[in-house]
Every structure is written in structure tokens, then in C-alpha cells.
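In what follows, a single structure is set out as C-alpha cells and then discussed.
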Number of protein chains: 2
Amino acid sequence: MDSRKKSTTTLKDVANAAGVSLGTASKVMAGAEGVSPARRQQVWDAARQLGYRRNSLAAELRSSRSTSIGFVVPDLTNSFFIELLCVVEDHALASGYRLLLAHAQEDPEREAERIRFVLSRQVAGMIIIPCHGYAHAIDELRECDVPLVMADRVDNSFPANTVTTDSRRAARDGTDHLIALGHKRITFIVNALDLVNSRERADGYMDAMKRAGLERHARVVVCGMTDTESHAATLGLLSERERPTALFTGANVATLGALRAIRDAELRLPDDVSLLSFDDAPWMSVLHPRISSIHQPVEAVGRAIWQLLHKQLEGEASEPVHLRMKADLRVRESTAPPGRTTGKGSKDTATAQQNAGRARKRTALAERE
Amino acid sequence: MDSRKKSTTTLKDVANAAGVSLGTASKVMAGAEGVSPARRQQVWDAARQLGYRRNSLAAELRSSRSTSIGFVVPDLTNSFFIELLCVVEDHALASGYRLLLAHAQEDPEREAERIRFVLSRQVAGMIIIPCHGYAHAIDELRECDVPLVMADRVDNSFPANTVTTDSRRAARDGTDHLIALGHKRITFIVNALDLVNSRERADGYMDAMKRAGLERHARVVVCGMTDTESHAATLGLLSERERPTALFTGANVATLGALRAIRDAELRLPDDVSLLSFDDAPWMSVLHPRISSIHQPVEAVGRAIWQLLHKQLEGEASEPVHLRMKADLRVRESTAPPGRTTGKGSKDTATAQQNAGRARKRTALAERE
DNA sequence: TTGAAAGCGCTAACAT
DNA sequence: ATGTTAGCGCTTTCAA
């Protein structure tokens with residue numbers, strides 16, 4: 001027998017104090033019909049006085065109804081996901097739901113674990129932005145029938161509702177912009193090609209290069225999920241004899257690493273090299289030069305995600321819907337016609353090559369420690 | 001009576017399928033002692049086969065033990081909080097706890113609601129970074145006795161464990177740096193003075209100004225919590241006849257707004273005006289000029305928060321502890337000696353004034369729409 | 001309108 | 001080592 005004085009006031013305590021039955025007290029707290037104003041007041045008073053706080057775990061267990069929505073996000077460092085999270089949360093709160101956030105940290109194992117966790121908390125629905133190697137994620141969801149919306153890193157082949165940006169088209173537009181400026185050696189730096197949207201971005205880039213007859217200059221460099229990796233990859237690129245005249249980074253995080261590498265190589269943007277970023281961020285338009293980027297329609301994506309999920313929560317089952325939003329190119333100052341100094345063998349190139357090489361060595365050394 | 005075919009497999013189903021009792025099955029799932037290997041296997045097999053997923057709500061309800069920690073954060077847009085969140089989460093996961101994130105969006109009402117929500121989910125402990133007007137927050141916590149750690153926007157007068165950065169000292173150091181460069185008209189731009197740490201930052205700034213005999217030049221401008229507000233405030237500052245030669249922004253978000261304003265005024269950093277940012281961010285060291293900033297020790301703060309909380313979770317009650325970490329000044333390129341062009345009445349000043357004035361009007365117009 | 005009673009899925013103390 | 005049983009705090013029939 002438990003002899004500890006229990007510290008939490010339960011609904012039963014409130015009912016006792018108010019002199020009503022447990023059931024009545026429950027109705028009052030739930031704001032349900034069929035309780036006289038007098039009793040209603042008694043219960044409220046008692047609750048306030050005892051400092052009652054409902055145990056929503058118990059409530060949800062008993063009613064098997066949940067108002068939590070799991071939101072599985074791969075990387076909180078990426079401002080696009082943060083913004084999306086905020087947008088979705090606003091919609092969710094407005095409809096009476098709360099988000100249960102799960103951070104996968106770009107790790108598939110962790111993602112699978114997070115999904116299991118969220119599911120074990122009996123969420124009413126799930127929103128998942130899968131990470132690299134999402135097969136795990138899908139497996140976890142096989143035999144579970146909670147309403148689900150997957151976003152961003154998915155495509156129309158998913159057996160679930162999806163909301164995405166038209167990455168292929170946006171990447172094509174971006175590449176066209178660079179080509180129109182006169183660039184030929186345009187390199188696409190992408191985090192991982194087994195990320196559906198990254199793959200699409202790479203495809204869009206290839207589309208444009210091919211169409212412009214620049215196939216032999218086309219080059220896709222896979223750099224990994226972190227800015228450290230992107231930094232290293234870009235440094236490698238910049239220390240080549242015939243370095244690209246333009247870089248097109250396939251994601252937010254890659255852009256940061258590339259930018260660091262360009263600094264390390266002591267190259268000037270856009271004179272020595274142009275940079276276009278897939279994914280925008282607030283800071284990109286605030287320092288020099290402002291970074292040209294492809295801006296995803298966060299608001300629209302967030303709204304669509306919630307609409308799709310909400311419809312399912314309301315019980316409207318239907319065939320999976322696939323929504324695709326249009327991104328827009330924001331030309332700023334980091335993209336310009338290729339400079340004259342980038343010709344093979346020019347002095348500047350040699351210097352940049354040296355700088356980049358030195359920076360690579362420094363980095364390698366630092367990592368070894 | 002409920003006639004729907006229930007879709008979730010419960011532990012009871014597993015027990016039945018395995019031919020063991022509910023209690024035994026429970027022990028197996030909890031990994032407890034005292035079950036023969038044979039039965040253990042049977043249960044695991046049955047669980048796997050039926051696709052059993054434990055209902056952790058029920059488990060926590062019954063055992064009145066929770067492994068969730070509430071984390072109430074004021075602003076997910078601020079990369080400092082995001083980084084802190086990641087650090088804390090790593091520690092928490094390593095100790096077997098999960099975070100339940102609650103976003104207050106710099107709104108005290110919402111914060112209070114979020115705290116109530118988190119509490120109603122029966123968390124084992126709480127970490128709170130309060131927002132502007134945190135009195136609400138404190139009230140919510142009055143009669144609740146979950147282990148609590150408050151961080152960042154608190155001081156030693158709080159009746160709870162706290163972890164903070166020594167803001168006053170850091171702000172003093174930063175101001176000294178600007179003074180040493182030769183600046184006199186240094187303006188401090190701060191989000192809100194009823195935020196304890198912001199107040200401390202302002203105090204540190206005043207300390208340094210006074211000590212240098214620059215009291216008459218000292219000026220603290222309160223701008224509000226958003227970058228939009230900071231943008232407007234800075235624009236105002238820059239359109240003055242005798243504008244400051246150096247700006248010291250009191251927080252991450254304020255820096256972004258100030259930077260935008262500096263751009264709008266077509267001022268060059270650091271030639272026309274110096275800028276020092278309290279709070280660092282990854283992007284600050286990647287474009288031109290690199291922003292000098294005060295870097296808070298996120299790792300240390302996060303670790304300390306978890307240590308304090310974990311100690312309480314383990315039942316070691318003690319008097320509130322107040323931990324204070326040291327931040328470091330990172331001098332980069334946005335701070336330099338005041339330029340010659342900033343003299344009263346010079347052509348450049350007049351131009352900047354015009355630009356800033358125009359930008360203000362544009363902004364005001366845009367807001368009216 | 002109100003109260004009594006039967007659980008939600010699980011754990012833990014107690015028997016066996 | 002295993003099964004039985006009494007709840008955790010709440011919601012929700014069902015009778016009164």
C-alpha cells in the first residue's frame with residue numbers, strides 16, 4: 001500500500017471538495033452540457049482553490065483521443081525547417097492541436113527511434129520530413145494508421161499525403177539564371193542524392209545544363225549533410241586548376257559551408273566566383289554581397305501540410321494527395337557574369353588555388369586533433 | 001459497449017498470444033528481472049508478430065513516472081536558443097529523458113499557456129527560458145513542485161536553479177572594445193529592458209561608458225523583440241543629424257534588424273558605422289564584413305542546465321544554485337576606428353541621412369498596407 | 001441533472 | 001518464475 005501523502009490534487013479531490021460526484025466534476029472541466037450553473041460554479045471554485053491541474057495523459061488514455069501531432073524534423077539548424085515548424089504550429093494551435101516535436105538530427109537511426117517515441121505517445125497525427133535514408137522511417141509507419149503528411153524530402157511516389165516544393169523546376173530556373181549570366185563551369189553542390197528533393201534539384205540543374213549544351217561542364221558534387229562537409233568539398237573545388245566560375249548550392253546548410261570555403265580561399269563574391277543558394281535565409285540579404293537564392297514558399301507549404309492533415313483528422317479519408325508548391329528565384333548580388341580574372345593560369349587563380357589548398361590543410365589538421 | 005474492432009494491439013493481446021500473463025508480459029517489455037529466457041522469447045515474438053507498440057501514456061500514468069522534460073523557449077528564430085536546445089537535448093537523451101518543446105513566441109500569454117500545457121503532460125522536470133514579462137510564467141509554477149531550471153533571461157534573485165551568461169561583464173568588455181577603437185557616440189540597441197539579461201547588458205554598457213567618461217554620449221534605445229522593430233529603430237538612429245559612430249546590438253534578433261537598416265541607409269560597415277553584436281550566429285563570420293560579436297558559451301550553458309536538472313531528478317534536493325558562465329568577445333571586421341567621414345555636416349552624413357529617411361518612409365508605407 | 005460504475009492500457013505489489 | 005489483482009486519473013455510459 002502506498003502511504004506517501006500524494007501531492008497532486010486529482011479530479012476526485014475537487015469533486016469531494018465541491019460536494020459533487022466525480023462524473024459531474026469531469027463534465028464541468030470538459031465544459032460539457034448538462035450541469036447546473038450552481039454546481040458548475042462550485043466545481044470551478046474548488047478546482048481553483050485546490051490548485052487543480054488536469055492530468056491530460058489520463059484524460060487521453062481514457063477517451064483514446066489525442067490532440068497532439070507529432071512533427072519529425074531532420075535538422076533544427078536549418079532555418080527553413082524552423083520557419084516551417086512555426087507556420088505549422090500556428091495552424092495547429094488554431095485548430096486546437098499541439099505539436100510534439102522530434103528532432104532526428106539527420107540520423108536515420110535516431111529518426112526511427114523518434115518516430116517510435118512519438119507514436120508511443122499516442123499522437124493524433126504525424127508530420128514527417130524524412131532524413132537521408134528514410135527507409136527506416138517508412139518501415140516504422142507501415143502498420144500504423146495515424147493520419148500522416150510527409151513533406152519536403154518526398155515525392156509523388158510516397159504512399160501518403162505529401163507537400164513539396166517543385167525543386168526540379170526551381171533548380172532549372174536557378175541554373176538558367178547562371179547560364180544567362182554567361183557561366184559555363186557551374187558546379188552543383190548537394191548534400192546527398194538519396195534525398196528525393198536534393199536529387200530533384202540536381203536533376204533540374206542537369207536539365208538546364210543539357211538544354212544549354214553545357215553537359216560537358218556539368219558537375220554534381222555530393223558533400224554530405226553538415227556545413228563542415230560542404231566546407232571541405234567546396235575548398236577542394238576551389239583549389240582545382242580550373243575551378244568553377246559559379247557554384248550552385250543545393251541546400252541551406254551547404255550554402256553556409258560553401259561561403260566559409262570561399263572566404264578561406266580569399267575569393268571575392270561575385271567577382272571571382274558566383275554563388276546561388278537553393279534555400280533562402282534571413283541573413284542572406286543583410287550582409288555583402290546579398291546572396292542570390294531560391295526562396296521556398298514556407299507559408300504555403302505549412303498551410304498545405306496542415307490542411308491535408310486536418311482533413312484526415314476530421315475523418316475524411318481519401319486517396320493520398322500530392323501538393324507541389326512553386327519556389328521563386330531571388331536574384332541578389334552574389335551572382336554576376338564570370339569575371340575576367342578566372343581564365344586558366346591567371347595570377348589570381350593561382351593565388352586562390354594556393355589559399356584554398358592551405359585552408360584545406362589547416363582544416364584537415366584541425367580535424368585530426 | 002464498444003463494438004468497433006479495436007485497431008491497436010495492447011499488452012494483453014501480446015500476453016494472450018504468447019500464452020503468458022499480463023504481468024509477465026509487462027516485465028518482459030520493461031526488461032525487468034525474473035522471467036525465464038523461454039517466456040521472454042515467446043513474449044518478444046508475439047509482440048513483434050502483432051506489431052505491438054507500447055502506450056507510454058498508460059505506462060506513465062500507472063507508474064507515475066515520467067521521462068519527459070518540458071523545455072519552454074521564447075523564440076525559435078533565435079539561433080542561440082536553437083543551439084541550446086540541441087545541446088540540452090543531447091544530454092537529456094543520454095540520460096534517458098526526452099524533451100517536450102514548448103514555443104512561447106515571445107508572448108507572455110502564450111508562455112503561460114504553454115507551461116500549463118507542459119505541466120498537464122506530467123513532465124518530470126522543466127527548463128524555462130522566460131520571455132518578456134515573465135511574471136505569468138512564475139505564477140504558473142508557484143504551486144508545482146517539478147524540478148525546474150531557468151536559464152538565460154533570469155538572475156540570481158530567482159527562487160529556482162538558474163544558469164546564465166555573465167551579460168553585464170560581456171557587455172562591458174564589448175563596449176570597452178568599441179571605446180578602445182576611439183568611438184564615443186556608441187548607442188546600445190536592446191530589445192526590452194524588462195528582460196533581466198537585456199537589462200544586465202545595458203548596465204554593462206553603461207558601466208563602461210561611465211568609466212570612460214562617455215556618459216553624455218551614452219544612449220540606450222529600446223526596440224522591441226522583433227527584427228522588424230529593430231530595423232525601424234536603427235533606421236531612426238541612422239537618419240539623425242549626429243548619428244552614432246558605433247552600434248552595439250543587445251541580441252541576435254536586434255542585430256539582424258540593425259544590419260538591414262544599415263544596408264537600407266547605404267552605409268558601409270565598418271567605415272561609416274561600427275557594429276558589435278551581443279550573440280553570435282554561424283552566418284556572422286561568413287559574409288562581409290564578418291560581424292564582431294559576443295559569443296555565449298552554449299555548450300557550457302546547456303551542460304550546466306542539464307546537470308542542475310538531473311541532480312534534482314535524481315532526488316537530490318538542495319538550495320537553488322545560480323550558475324554564471326563567461327562569454328567571450330570575438331573581434332572580427334565590423335568594428336573599426338570611427339571613419340573620417342562621420343563628421344557633422346559632411347557630405348556622406350547628409351547622404352546617409354537621406355537614405356535612412358527614405359527607407360523609413362518606405363517601411364512605414366509598407367506597414368500600412 | 002446527477003451519481004455509480006466500468007474501464008482506457010499499463011505497472012507493481014502480492015500470492016502462488 | 002509466474003499469475004492475480006488492484007489501481008494510476010480520468011471519461012463515459014447507464015440508471016436513477
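Naming convention: chains lettered A, B, ... in sequence-line order (proteins, then strands); numbering from 1 in each chain. For clarity, every value in this text was computed on a predicted model and none was experimentally measured.
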Answer yes or no: is there an ion pair linking A:Arg121 with B:Glu60, defined by an N-O contact shorter than 4.0 Å? yes

Can you confirm whether the side chains of B:His132 and B:Asp194 place a donor and an acceptor under 3.5 Å from each other? yes

Nearest-angstrom distance from the residue atom CD of B:Glu60 to P of C:dA12: 12 Å

Would you mind telling me which of C:dC10, D:dC10, D:dA1 lies closest to the side-chain atoms of B:Ser36? D:dA1

Distance check needed: D:dT4 C1' versus B:Leu11 CG, whole Å only. 15 Å

Would you kindly give the NZ-to-P distance between B:Lys12 and C:dC8, to the nearest whole Å? 7 Å

Assess whether salt bridge (Lys or Arg N to Asp or Glu O under 4.0 Å) is satisfied between A:Glu106 and A:Arg153, documenting all intermediate values. CA-CA 12 Å; A:Glu106 297 290 13; A:Arg153 294 165 166 191; 2.9 Å; yes

For the helix from C:dT1-D:dA16 to C:dT16-D:dA1, what angle lies between the axis at the first five pairs and the axis at the last five pairs, to 10 degrees? 40°

Assess the residue pair B:Val146 and B:Leu119 against the criterion (side chain to side chain contact (heavy atoms under 4.5 Å, CB included)); give the C-alpha distance rounded to whole Å, side-chain angles, the decisive distance to 0.1 Å, and a yes or no. CA-CA 9 Å; B:Val146 291; B:Leu119 249 22; 4.1 Å; yes

Choose from D:dC10, C:dC10, C:dT2 the nucleotide whose nearest atom is closest to any side-chain atom of A:Thr10. D:dC10

For a quick check under 3.5 Å, do B:Arg324 and B:Thr164 share a side-chain donor-acceptor pair by atom type? yes

Pairwise 5' ranking along DNA chain D for A:Leu57 and B:Arg39, keeping only the more 5' one: B:Arg39

Can you tell me how far C1' of C:dC10 sits from CZ of B:Arg65, to the nearest Å? 12 Å

Contact list for DNA chain D against residues 21-29 of chain B - heavy-atom distance below 4.0 Å: B:Ser21, B:Gly23, B:Thr24, B:Lys27

Whole-Å distance separating the CD atom of B:Gln122 from the P atom of D:dC10: 8 Å

Please report, to 0.1 Å, the donor-acceptor pairs under 3.5 Å made by any side chain of residues 92-102 of chain B, with sequence neighbours excluded.
{"unit_1": "B:Ser95", "atom_1": "OG", "unit_2": "B:His91", "atom_2": "O", "d": "3.1"}
{"unit_1": "B:Ser95", "atom_1": "OG", "unit_2": "B:Trp306", "atom_2": "NE1", "d": "2.9"}
{"unit_1": "B:Arg98", "atom_1": "NH1", "unit_2": "A:Glu113", "atom_2": "OE2", "d": "2.5"}

Rounded to the nearest Å, what distance is computed from the CG atom of residue A:Leu50 to the C1' atom of nucleotide D:dG9? 15 Å

Rounded to whole angstrom units, what separation is found between the CZ atom of A:Arg62 and the C1' atom of D:dT11? 5 Å

Nearest-angstrom distance from the residue atom CG of A:Asp13 to C1' of D:dC8: 13 Å

Pair A:Arg114 + B:Glu89: basic N to acidic O under 4.0 Å: yes

Do A:Asp45 and A:Gln49 get their side chains close enough for a donor-acceptor pair, meaning under 3.5 Å? no

Between D:dT2, D:dG7, D:dG9, which nucleotide has the shortest distance from any of its atoms to the side chain of B:Val35? D:dT2

Just call it for B:Arg40: base, sugar-phosphate, or nothing, with non-hydrogen atoms closer than 4.0 Å on any strand. nothing

Return the minimal non-hydrogen interatomic distance between A:Val35 and A:Arg40, and the atom names on each side. O-NH1, 3.5 Å

